[in-house]
Amino acid sequence: MLLQISNGTFYFGTNDIFEDIDFSVNENEHIAIVGRNGSGKSTLLKIILGELELAKGEIFKPHNLKIGYLKQTAFLDESQSVFDEFLSVFKSLIKKEERLNELTDLMQSDHSKELIEEYAKLQSSFEFEGGYTYQSEIKTIFSGFGFKEEDLYRPLSSFSGGEKTKIGFAKLLLSKPDLLLLDEPTNHLDLRTIEWLETYLSKYPKAYIVVSHDRAFLDKCVNIIYDIAYHKLKKYHGNYTSFHAQREADLLRQETLYRYQQKDIKRLEELIERYRYKATKAKMVQSKIKYLDRMERIEDPKKIDDKTFKVQFKSHVRGGKQVLALDHFAFGYEKKLGEVTINIQRGDRICIMGDNGTGKSTLLKTIVSELPALGGYKLLGHQIEIGYFDQTLAALNSSKTVLEELWDEFPSLDNYKVRSILGAFLFSSDEVDKTLNVLSGGEKVRLALAKLMLKGANFLILDEPTNHLDIASKEALEKALEDYDGTILFVSHDRYFIKKIAHSCLLLEKGSCTYYPDGYGEYIDAPKSEIVKETPKEEKVIKKGKPKAKYNLKKIEGEISNYEALLEEKRNLRFEPEYYHDTKKMQELDDEIDEIHNSLHHLMEEWEKAMEEKENMGF
């Protein structure tokens with residue numbers, strides 16, 4: 001065992017972060033810690049590092065345990081090259097390599113047994129520790145983070161802050177500590193790099209602990225999950241999808257036990273009340289009171305960690321059918337990064353994807369006129385109102401309070417309404433007086449989403465809206481966007497989010513642009529050669545719409561038929577003894593039927609949109 005925490009308790013001021021937790025790490029285990037923002041995930045990492053101490057409990061770890069943690073990147077000498085910085089990880093190997101070269105020279109004239117034995121022993125150790133592969137490993141990991149091989153020989157000072165963070169991350173992976181701690185490792189990485197990192201970590205030969213809200217990443221990289229909720233820590237085996245199913249089952253069991261216990265408590269309380277003043281029953285009453293006092297109360301699962309913000313996006317004005325037309329629309333700063341030709345229709349949900357530096361955020365800023373276009377034209381449709389979410393959230397840095405920020409933007413709202421809306425976005429009565437410059441990343445996102453909701457725009461343009469949100473908050477946002485009646489154009493690296501929201505994808509690469517009308521699945525399935533196609537002309541995009549509409553309509557009708565048949569099959573099961581004699585099975589069956597009804601409802605909405613599209617295109 002590499003590390004163990006027994007009965008660990010930690011307080012922050014008067015607040016309990018967690019209490020009486022047990023946590024362990026064995027060799028080669030790939031562990032995730034999940035939970036709401038503020039639940040104590042990063043605190044637990046700091047305790048493992050020794051930066052914080054437990055209030056109670058014990059932590060056991062070998063004195064020689066080598067722990068690696070990606071901190072704020074600061075290199076001692078930024079004048080040296082990246083390659084030299086990486087070589088510092090392999091000092092002991094390089095010394096062995098130098099000694100091997102010395103021995104090789106000595107053995108030209110000295111054939112003594114001692115010299116030959118030293119060489120053989122050293123060579124075996126050198127090979128076992130990766131002496132013949134460390135230079136190629138440097139190049140592999142460096143290129144995995146999106147750098148070119150020639151960048152290895154550039155001075156560290158020539159890289160941006162974000163690039164230095166990635167270089168620090170690469171150096172950490174090269175050092176191969178006994179235990180690797182990763183706090184939100186996918187933040188600020190593009191999809192290509194995240195996918196490479198997943199592959200690398202899934203084969204990582206040692207143990208690591210990761211804190212992440214990236215559900216797709218956790219599915220690929222971990223086999224054990226610790227869930228922090230209500231100051232407790234619970235261990236689950238499997239990836240994120242497996243954990244989610246197990247946790248739902250746990251909550252269902254807890255709900256059943258809670259319900260039965262509440263009935264028992266009510267029965268006992270009624271019994272106590274009935275005989276409280278009867279002398280002949282005094283002993284029995286006292287016995288029941290003591291029993292209730294000793295009873296370990298089961299928590300209502302509906303109150304456990306279900307606190308999330310409530311958002312409902314709804315457009316004030318329906319707007320025209322054509323939302324946005326871009327024709328050779330060039331974007332960039334001083335130098336053009338690329339150009340796009342596309343026609344966005346009402347109800348479209350398009351995700352813009354691409355590596356860092358391809359101009360995804362720049363394109364959005366140019367569309368909303370925060371940056372000037374470098375060529376081409378833009379046509380915004382009739383009565384189209386844009387609601388823009390900026391990932392930098394720079395506008396939320398001021399000495400204004402949360403209440404003032406929202407009220408200043410929407411002065412027609414009364415005090416009660418403003419406070420109610422902020423409460424729905426988890427700002428309590430005290431927190432509305434916090435100034436913007438002390439808000440956490442997640443709080444700033446919630447405030448920006450509250451403003452976006454109140455705007456009532458029919459065209460949402462979102463730049464990385466899930467950054468800084470925990471998983472429960474992401475799910476709340478996904479639900480709101482799925483129910484939204486307008487058009488969405490967004491940038492995201494969150495694959496779960498993309499799959500949930502995007503109907504189609506636009507891939508930006510250096511000098512090119514590719515449109516995937518059938519969404520993320522089509523992009524994943526596309527051969528690599530297809531990923532470098534030229535930007536489609538507007539006419540081609542519109543022509544693609546005709547066969548796409550016809551295909552989608554047929555596909556939707558087929559899915560509706562399948563769901564209707566499944567619904568009939570499930571309804572018939574209600575009359576089977578196996579179900580009507582088993583309350584639990586009948587409840588599960590009813591839940592399945594409800595899910596099928598929901599799916600049919602969404603499919604019928606899609607069918608109506610497809611029919612409308614078909615009629616507009618003259619089919």
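Computed over heavy atoms, backbone and side chain alike; hydrogens, waters and symmetry mates excluded. Start at 1 with the first residue, then count along the sequence.
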Show your reasoning for whether salt bridge (Lys or Arg N to Asp or Glu O under 4.0 Å) applies to Asp494 and Arg215.
-> CA-CA 8 Å; Asp494 187 322; Arg215 293 158 287 180; 3.8 Å; yes

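- A distance-only check finds no donor-acceptor pair linking the side chain of Glu248 to the backbone of Ala245 [under 3.5 Å].
- Interatomic distance, CG of Leu197 versus NZ of Lys220, reported as 11.5 Å (0.5 Å rounding).
- Without hydrogens or angle criteria, Asn26 side chain to Glu29 main chain gives no donor-acceptor distance under 3.5 Å.
- Atom CG of Leu189 sits about 8.5 Å away from atom CZ of Phe217, to the nearest 0.5 Å.
- Applying the 6.0 Å contact sphere to NZ of Lys206 captures more than 12 heavy atoms from other residues, nucleotides or ligands.
- The main-chain N or O of Leu172 is found under 3.5 Å from a side-chain atom of Ser175 such that the two form a donor-acceptor pair.
- A donor-acceptor pair under 3.5 Å links the side-chain atoms of Thr256 to the main chain of Leu252, judged by distance alone.
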Please walk me through it: do Lys474 and Asp470 pass salt bridge (Lys or Arg N to Asp or Glu O under 4.0 Å)?
-> CA-CA 6 Å; Lys474 286 182 181 185; Asp470 57 35; over 6 Å; no

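- Under the 3.5 Å distance criterion, the side-chain polar atoms of Lys434 are left unmatched by any main-chain donor or acceptor of Leu439.
- Glu431 contributes a side-chain N or O that, together with a main-chain N or O of Ser428, makes up a donor-acceptor pair within less than 3.5 Å.
- Counted by atom type alone, Asp22 and Ser6 present zero donor-acceptor pairs between their side chains at under 3.5 Å.
- Counting only distance, with no hydrogens or angles, the side chain of Ser420 and the backbone of Tyr416 share a donor-acceptor pair below 3.5 Å.
- Judged by distance alone, with hydrogens and angles left aside, the side-chain atoms of Glu405 form no donor-acceptor pair with the main-chain N or O of Val402 at under 3.5 Å.
- A donor and an acceptor atom, one from each side chain of Glu195 and Thr199, are nowhere located under 3.5 Å apart.
- The closest donor-acceptor contact from the side chain of Ser242 to the backbone of Asn239 lies at 3.5 Å or more, if one exists at all.
- Enclosure of atom NZ in Lys400 by more than 12 non-hydrogen atoms of other residues, nucleotides or ligands within 6.0 angstrom is indicated.
- For NZ of Lys417, the number of neighbouring non-hydrogen atoms (other residues, nucleotides, ligands) closer than 6.0 Å is 12 at most.
- The stretch residues 18-58 participates, sequence neighbours left out, in these ring-ring contact (aromatic ring centres under 6.0 Å, His included) pairs: Phe23-Tyr226, His30-Tyr208.
- Heavy-atom neighbours of Gln261 CD from other residues, nucleotides or ligands within 6.0 Å: above the threshold of 12.
- Judged by distance alone, the side chain of Thr435 and the main-chain N or O of Thr401 form no donor-acceptor pair under 3.5 Å.
- By the 6.0 Å contact criterion, OH on Tyr260 is open, its count of non-hydrogen atoms from other residues, nucleotides or ligands being 12 or less.
- Remark: Ser160 OG to Ile167 CD1 distance equals 8.0 Å, nearest 0.5 Å.
- A heavy-atom distance below 4.5 Å is not found between the side chains of Ile225 and Gln246.
- Aromatic pair Phe86/Phe83: ring centres not closer than 6.0 Å.
- Ring-plane geometry between Tyr240 and His244 is classed as tilted, the angle between the planes lying from 30 to 60 degrees on a 0 to 90 degree scale.
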